Amino acid sequence: GLSTCAVSRRARGIREVHDRRNGLMAEDGRLTTALTNPGIIDRLDSDIGDYLSPFGIELERRGNDTATLTVPAPDDGPVATLVVDVHEEGLVQTVGPLIRTYLRLSPPSVPPCRLRAVVRCVFVIDALEKIERFGSEQRSNCLGDQESMSARRMRRHVHMIVRNSMGSALCLDAEIVLPRYWRRTTEARESGREVPLTRAAMDAAAGEGGDSYPSMRLVEWGSDGEDRLDATPAPLRVDVSTRMCTVRCQPRIFRMFAGTQQRDCGDSRENTTAIPFANDCVRKMPAVVACIEKPGNLHRLLMLCQDYAHTTTGTILSRLLVVVPDEGRIDEFEGALDHFQRTVLGPAAAAEGDTPLPRPTFAVEADAVRAATSLAAGRDDDRRGPVLVGIDLHPDAATLSCDRACPAADSMRNAGGIVFGYESSGVPPSLARAVGGWVQIPSRSSINVVASMSITFDALLHQPNSVDTT
């Protein structure tokens with residue numbers, strides 16, 4: 001149960017004035033955005049055909065690299081609000097995938113325009129942080145151009161939010177609270193002070209060309225626009241201070257939509273620098289089989305497994321099988337693993353002396369069944385479930401819920417191994433034939449493999465019928 005809460009007249013008035021001033025709201029109350037990024041256009045085209053078209057979201061393509069996106073304006077208040085506080089400028093790009101998951105995990109009957117996402121930029125932009133490298137004339141010019149430089153930088157961040165959400169951010173009721181910037185009176189940083197970045201500066205930067213997303217509502221830091229949070233259902237708040245925070249908070253979004261725990265739907269700010277783990281129990285984990293197409297996706301997967309190491313008997317990494325499409329990619333994945341071991345596990349291992357570093361197993365798709373069943377058979381406890389359970393949207397799948405004793409969670413706890421398929425095509429057919437049961441995470445469409453793993457690990461490692469105390 002999510003309840004509907006009407007937006008105050010004052011809040012709705014601010015929205016309407018802003019939209020009409022930008023020329024976005026048509027007479028029929030719909031909002032339009034011009035798109036020039038082929039990747040965003042292609043993904044939105046796919047999502048509209050998959051699950052967005054029933055809500056009046058349309059995409060008119062004009063060639064391969066231009067299109068117009070049309071979305072209905074919300075006719076009532078939001079039914080859910082996600083507030084993301086970003087504490088470092090370099091972490092803005094991690095917000096996009098979180099927003100995409102937020103949309104996909106929401107109930108299928110809820111119009112996307114009634115899902116509110118507020119990104120609050122808590123950091124301070126210093127556009128002249130490298131001023132000592134500038135020539136004398138450039139230094140003088142930049143001192144008078146600090147706000148526009150900061151605005152151009154922030155425009156790139158807005159683009160990254162949209163791009164990394166694969167366009168999902170444009171379908172929601174989205175708002176960005178602009179950061180402050182450091183305005184210097186001389187070249188010395190000590191001479192400066194924090195000043196809110198203005199919407200006028202962002203509008204001027206948009207006029208210089210490049211991708212522009214006027215449907216993303218911009219609010220100045222400390223302005224009255226932030227008061228609109230008071231008119232929404234109690235928001236789910238997330239602090240982003242590391243690159244893994246947006247991965248670690250995925251179970252909270254799942255529980256907000258699928259759960260019965262009202263506290264998770266409230267104005268709670270759990271520590272997203274740590275795993276959202278409900279109690280101090282230590283459980284035996286099934287083996288984990290993850291089908292990965294890109295080496296770049298491996299690091300977050302390994303980080304997540306390492307994060308949960310303290311909650312299981314034995315490391316998850318040593319019982320992780322990474323399935324790759326073909327033999328030619330193994331060396332790339334091995335290189336990504338070596339980098340992870342040096343940068344993440346290396347310092348910890350050095351502190352523990354000669355303890356060998358835990359290491360996952362790699363297998364090509366052709367050998368996946370043999371490797372997965374062998375690893376699953378190594379679970380030495382009294383499990384009662386099938387050897388392998390697949391995590392995928394499947395006709396025969398049991399649906400995961402927030403009930404810690406739900407059958408779907410039990411089947412995963414009692415399995416020898418759990419299988420996550422490729423993001424593009426799911427569990428490979430050869431491996432699917434060896435799966436003895438299926439579990440699906442309720443969603444409008446598939447979510448990425450690391451989000452699926454984060455939600456699944458959270459469900460696996462809660463004691464059945466336990467009470468949340470974090």
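Keep in mind that what you see is a predicted model, and the values were worked out from it rather than measured.
- The existence of a salt bridge linking Glu147 and Arg199 is excluded, since no basic side-chain nitrogen approaches an acidic carboxylate oxygen closer than 4.0 Å.
- Taking all atoms of both residues into account, the shortest heavy-atom contact from Ala258 to Cys402 is C-SG, 3.9 Å.
- Minimum heavy-atom separation, Glu423 to Asn448: OE2-CB, 3.2 Å.
- Residues Ala459 and Met412 approach most closely at CB-CE, 4.4 Å, considering heavy atoms.
- Among all heavy-atom pairs drawn from Val240 and Leu91, the shortest one is O-CD1, 3.8 Å.
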Margin query: With salt bridge (Lys or Arg N to Asp or Glu O under 4.0 Å) as the criterion, how do Arg156 and Glu89 come out once you've worked through the C-alpha distance, each side chain's angles and the decisive distance to 0.1 Å?
Written below: CA-CA 11 Å; Arg156 289 194 293 272; Glu89 186 179 354; over 6 Å; no

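- A side-chain N or O of Thr33 and one of Ser215 form a donor-acceptor pair less than 3.5 Å apart.
- Counting only N and O atoms by type, the side chains of Gln440 and Thr399 include a donor and acceptor under 3.5 Å apart.
- Between the side chains of Ser106 and Arg444, at least one donor-acceptor pair of N or O atoms lies under 3.5 Å.
- Inspection of the Arg104 and Ser445 side chains reveals an N or O donor paired with an N or O acceptor under 3.5 Å.
- Using a cutoff of 4.0 Å between basic side-chain nitrogens and carboxylate oxygens, Asp458 and Arg252 are not scored as salt-bridged.
- Within the 4.5 Å cutoff, the side chain of Arg319 has no heavy atoms near those of the Val288 side chain.
- Side-chain contact check for Pro78 versus Thr81: some heavy-atom pair is nearer than 4.5 Å.
- Closest heavy-atom contact between Leu400 and Phe254: O-CZ, 3.8 Å.
- Side-chain contact check for Ile447 versus Gln250: every heavy-atom pair is 4.5 Å or farther apart.
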Next item on the list: Report the C-alpha separation of Arg248 and Asp239 in whole Å, then their side-chain angles, then the decisive distance to 0.1 Å, and conclude whether the salt bridge (Lys or Arg N to Asp or Glu O under 4.0 Å) test is met.
Entry: CA-CA 11 Å; Arg248 291 165 177 153; Asp239 278 310; over 6 Å; no

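- The minimum heavy-atom distance between Glu88 and Phe123, with the atom names listed, is C-CD2, 3.7 Å.
- Asp173 has no carboxylate O lying under 4.0 Å from a charged side-chain N of Arg114, or vice versa, which leaves the two without a salt bridge.
- With a 4.5 Å cut-off on side-chain heavy atoms, Val118 and Pro235 do not count as touching.
- A 4.5 Å side-chain heavy-atom check between Trp182 and Glu129 finds every atom pair outside the cut-off.
- Using a distance-only test at 3.5 Å, with no hydrogens or angles considered, no donor-acceptor pair links the side chain of Gln146 to the main chain of Cys142.
- Ionic pairing of Asp145 and Arg152 is present here: one or more N-O contacts between side-chain nitrogen and carboxylate oxygen are shorter than 4.0 angstrom.
- Checking side-chain atoms of Arg184 against main-chain N and O of Ser191 turns up no donor-acceptor pair under 3.5 Å.
- Between Asp42 and Arg61 a salt bridge is recorded (basic side-chain N to carboxylate O distance below 4.0 Å).
- Pro179 is listed as a side-chain neighbour of Met154, based on a closest heavy-atom distance under 4.5 Å.
- The aromatic rings of Tyr213 and His159 sit parallel to each other, their planes meeting at less than 30°, with 60° as the upper class boundary.
- At a threshold of 4.0 Å, the pair Glu58-Arg30 counts as salt-bridged, since one of the basic side-chain nitrogens sits closer than that to a carboxylate oxygen.
- Counted by atom type alone, Ser168 and Arg100 present one or more donor-acceptor pairs between their side chains at under 3.5 Å.
- Without hydrogens or angle criteria, Arg155 side chain to Ala205 main chain gives a donor-acceptor distance under 3.5 Å.
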